[in-house]
Undergrad: 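Below is one structure. I have some questions about it.
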Amino acid sequence: MAIYIINGGVGKHIAFTALIDKLAEKGEVQMMTAYPDVFRHHPKVKASYSHEEPGLYDRVPRDTDIVFREPYYSPFVFAKTHLLYEWAKLLGIEYEGELPQWHSCKKWCREAKEVIKRIPKKKFILVQFGGGQSPYDVNQPRVFIPQGQRRAYPLNMAQDFINQFTKAHPDIAVVNYSMVNEEYSHLGGCCVLNTAYWLYPELLKASMGFVGIDSSLQHMAAGVGVSGVVIWGATGPEQFGYPIHGNISNTTNHHMRPLCVRFGDNKNADDSMWVDRDILSTAVPVDKLMEVTDAMLDMKLNKEEAKGIAEEDCDCDDDCGEDCKCKGA
């Protein structure tokens, strides 16, 4: 058996689920992570532990393989391959374009249905224009430490988009995925639900889609097969994206500066010096974003308005603790 350890944000954890089926072919899969709920109901994960669980190693058999492979310290830093491709190589498996997998339980589905009742309109989309912060403790305000504007969509342009969207689609609500202590949570014309991150995949199933940046929402959507629009800036879809989404960018000059800095220099993959780009000059124009979003909505309306919240993933009806047949924390 093996325990796979992951560091990083919730989006990175969700992305990892694309590799679990092939890892399970090698042996029993257990996870140790800051986000155990991402893996708690996956049918091929035997257990999902929190990094902070006391006495964990006292309960783990001594012949367990402890596996930690960090793709951010691999050729991935040269921004030429997808995160999952390099991660799979490090783990000794082959990545063939598999999408993430998100699995819920009946309890989460019921909770998500109650959250949806707080949305003012039957139809809705989700948006995420800034990211990089852990979604833990949403009810405990903290000082927000910005992660930079390299992935974010400019605040004024995000507001312009929401204004145009609500005017063009008065019957569709805009649900803001931002947390309450982020500046993007104050965008007008949309609602902030302030709920647990593990309910948002179920909200995505009931939605008309999403508009977001390279952050956790796009990984969640891929995990439940819901397409949307992803705005790319300093990173690109060839690094973190999925073909299920409409990936748009106003530049082909994607770089991974945060990874380069970890290696002690400020150079790009092509050996040129990094210079922070003017985010306003490289951001996708609002009119273009509206055009692509409208095309997404037209496609969904022509097929099916929403998948709806299903309850077949897991029969858990409790709090998913150790006495439940699901993986306990």
Undergrad: Is the distance between the ring centroids of His245 and Phe210 under 6.0 Å?
TA: yes
Undergrad: Taking the ring of Trp102 and the ring of His42, is the distance between their centroids below 6.0 Å?
TA: no
Undergrad: Are more than 12 heavy atoms from other residues, nucleotides or ligands located less than 6.0 Å from atom CD of Glu52?
TA: no
Undergrad: Around atom OH of Tyr85, are there more than 12 heavy atoms from other residues, nucleotides or ligands closer than 6.0 Å?
TA: no
Undergrad: Classify the angle between the aromatic ring planes of Tyr35 and Tyr197 as parallel (below 30°), tilted (30 to 60°) or perpendicular (above 60°).
TA: perpendicular
Undergrad: Return the minimal non-hydrogen interatomic distance between Thr166 and Gly189, and the atom names on each side.
TA: CG2-O, 3.8 Å
Undergrad: Yes or no on salt bridge (charged side-chain N to carboxylate O under 4.0 Å, His left out) for Glu25 and Lys22, after CA distance, side-chain angles and deciding distance?
TA: CA-CA 5 Å; Glu25 294 175 3; Lys22 288 188 175 176; over 6 Å; no
Undergrad: Can I get a per-line list of side-chain donor-acceptor pairs under 3.5 Å for residues 217-227, giving both atom names and the distance, sequence neighbours left out?
TA:
{"residue": "Gln218", "atom": "NE2", "partner": "Phe240", "partner atom": "O", "Å": "3.1"}
{"residue": "His219", "atom": "ND1", "partner": "Tyr242", "partner atom": "OH", "Å": "2.7"}
{"residue": "Ser227", "atom": "OG", "partner": "Lys300", "partner atom": "NZ", "Å": "3.2"}

Undergrad: For a quick test of reading the model, state the closest non-hydrogen atom pair linking Ser216 to Ile14 and the distance between them.
TA: O-CD1, 4.5 Å
Undergrad: Between Ile213 and Tyr153, what is the shortest heavy-atom contact and its length?
TA: CG2-N, 3.9 Å
Undergrad: Would you say NZ of Lys121 has more than 12 non-hydrogen atoms from neighbouring residues, nucleotides or ligands within 6.0 angstrom?
TA: yes
Undergrad: On the six-membered ring of Trp87, is Lys12 placed so that its NZ or CZ lies under 6.0 angstrom from the centre and within 45° of the ring axis?
TA: yes
Undergrad: For a side chain to side chain contact (heavy atoms under 4.5 Å, CB included) check, start with the C-alpha distance between Phe39 and Phe16, then their side-chain angles and the critical distance, and finish with the verdict.
TA: CA-CA 10 Å; Phe39 309 97; Phe16 184 87; 4.0 Å; yes
